[in-house]
2 protein chains.
Amino acid sequence: MILNKTTEYSLAVLGYMAVSQDDIFSAEFLHHELKIPRRYLRKLLTDLSKLGFILSTKGRNGGFAFARPLGEINLAAIIKTVEGSELMESCILGHQSCKEEQPCVMHETWLEAKTKMLEALSNTTLHDLRERKKAKSD
Amino acid sequence: MILNKTTEYSLAVLGYMAVSQDDIFSAEFLHHELKIPRRYLRKLLTDLSKLGFILSTKGRNGGFAFARPLGEINLAAIIKTVEGSELMESCILGHQSCKEEQPCVMHETWLEAKTKMLEALSNTTLHDLRERKKAKSD
DNA sequence: ATAAAATACCACCTTTTTGTAGCATATAAA
DNA sequence: TTTATATGCTACAAAAAGGTGGTATTTTAT
């Protein structure tokens, strides 16, 4: 496993919202578009708003919209925030004591692997996704 | 989550065996050294031998030893094999239909991220770990 | 032969993750 | 002010992952 379902869903939701023309999305609409289980999605959207990515509007024409400029949100940040940032710090072998001074046998390789991966993910913001989408449809 | 416990344990076991001087290891010994739950470890070792990384010897002085030269086993291969290789192929959004021709919005970035990560992991074999360990203790 | 020390198999328990249900609350259109 | 359509909260159910236990089987030192 690389990412769990919840993280996958989070990326799918925010990615979809980013490349879409609309700017407010109801849970029901996103459920229909993304095939994420209705109730689970609603809870996830609530969580994402608590985490500061989106904000919710209640009432008849309510829904969810981005809380911050798209350029400020990169993919690594989404993953780290949703998963609770056990990403950068964690040792591949799960050792508590694995640090630079007293590294595990795989420390060096794992550090390089995750650094490279996170570099790629931090280099892409939701704004970038939107631009790419635009470029394609031209 | 990046890797699940089972994968973490697999890397810990094979990594430990690789850098150690011995060449046969009982489950009980590995349990003691690595603090992996006794029974779970035994099942895991059975699995790892079915997957072809190690081979088991029954009986009084039995245990587990590598089935192949250390230089042939790299870290990416361990992860892929243990996790069932949903690693390279998988779409970050979990889409079945996500391919080069019809990519999801994050396809490009995700491909780069996982490629970079797997590059680093495939570049390190168990033999490399052993050499690094030796170099340090000199 | 026999007992010790190892793996192998099968079923079950616990914890975490994922998914569901009901009801409460808020808001805007009519 | 009523009603339709949203989200919010709390608790629970199902599935997957992680972990345990008992017993059988294999092998080798004694």
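Keep in mind the model is a prediction, meaning the values are calculated, not measured. The sequence lines fix the lettering, A, B, ..., with proteins before strands; numbering per chain opens at 1.
Among residue pairs with one or both ends in residues 27-37 of chain B, those qualifying as side-chain hydrogen bond (donor to acceptor under 3.5 Å, both in side chains) are B/Tyr16-B/Glu33, B/Glu28-B/Arg38; sequence neighbours excluded. Legend: side-chain hydrogen bond (donor to acceptor under 3.5 Å, both in side chains) pairs involving residues 41-62 of chain A, not counting sequence neighbours: none detected.
Residues from residues 13-20 of chain B lying near DNA chain D, meaning a heavy-atom separation below 4.0 Å, are absent. Residues of residues 44-55 of chain B having a heavy atom closer than 4.0 Å to DNA chain D: none are found. DNA chain D lies under 4.0 Å from no heavy atom of any residue of residues 25-35 of chain B.
B/Thr6 pairs by the side-chain hydrogen bond (donor to acceptor under 3.5 Å, both in side chains) definition with B/Tyr40, not counting sequence neighbours. Residues satisfying the side-chain hydrogen bond (donor to acceptor under 3.5 Å, both in side chains) criterion with B/Asp128, sequence neighbours excluded, are B/Thr125. Legend: residues meeting salt bridge (charged side-chain N to carboxylate O under 4.0 Å, His left out) with A/Glu119, ordered by chain and number and at least two apart, are absent.
The nearest whole Å value for the distance from the CG atom in B/Leu3 to the C1' atom in D/dG18 is 16 Å. We find that CD of B/Glu8 is positioned 15 Å from P of D/dA17, with the value rounded to whole Å.
Of the inter-residue distances, the one linking B/Leu14 atom CG with B/Tyr9 atom OH reads 14.5 Å to the nearest 0.5 angstrom.
B/Leu55 and B/Phe25 are not part of a single hydrophobic cluster, where members link through side-chain heavy atoms under 4.5 Å apart. Linking Ile, Leu, Val, Met, Phe, Trp and Tyr whenever their side-chain heavy atoms come within less than 4.5 Å puts B/Leu48 and B/Leu34 in one cluster.
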Set out, line by line, the N/O atom pairs under 3.5 Å between protein and nucleotides 27-30 of chain D.
residue	atom	partner	partner atom	Å
D/dT27	O2	B/Arg60	N	3.4

Pairs under 3.5 Å (N/O, protein and nucleotides 19-22 of chain D):
residue	atom	partner	partner atom	Å
D/dG19	OP2	B/Tyr9	OH	3.0
D/dG21	N7	B/Arg39	NH1	3.3
D/dG22	N7	B/Arg39	NH2	2.7
D/dG22	O6	B/Arg39	NH1	2.6

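Annotation: side chain of B/Leu126 is in contact with side chain of B/Ile78 (closest heavy-atom distance under 4.5 Å).
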Would you give me the side-chain donor-acceptor pairs under 3.5 Å for residues 65-75 of chain B, sequence neighbours excluded?
residue	atom	partner	partner atom	Å
B/Arg68	NE	B/Gly52	O	3.4
B/Asn74	OD1	B/Ala76	N	3.0
B/Asn74	OD1	B/Ala77	N	2.8

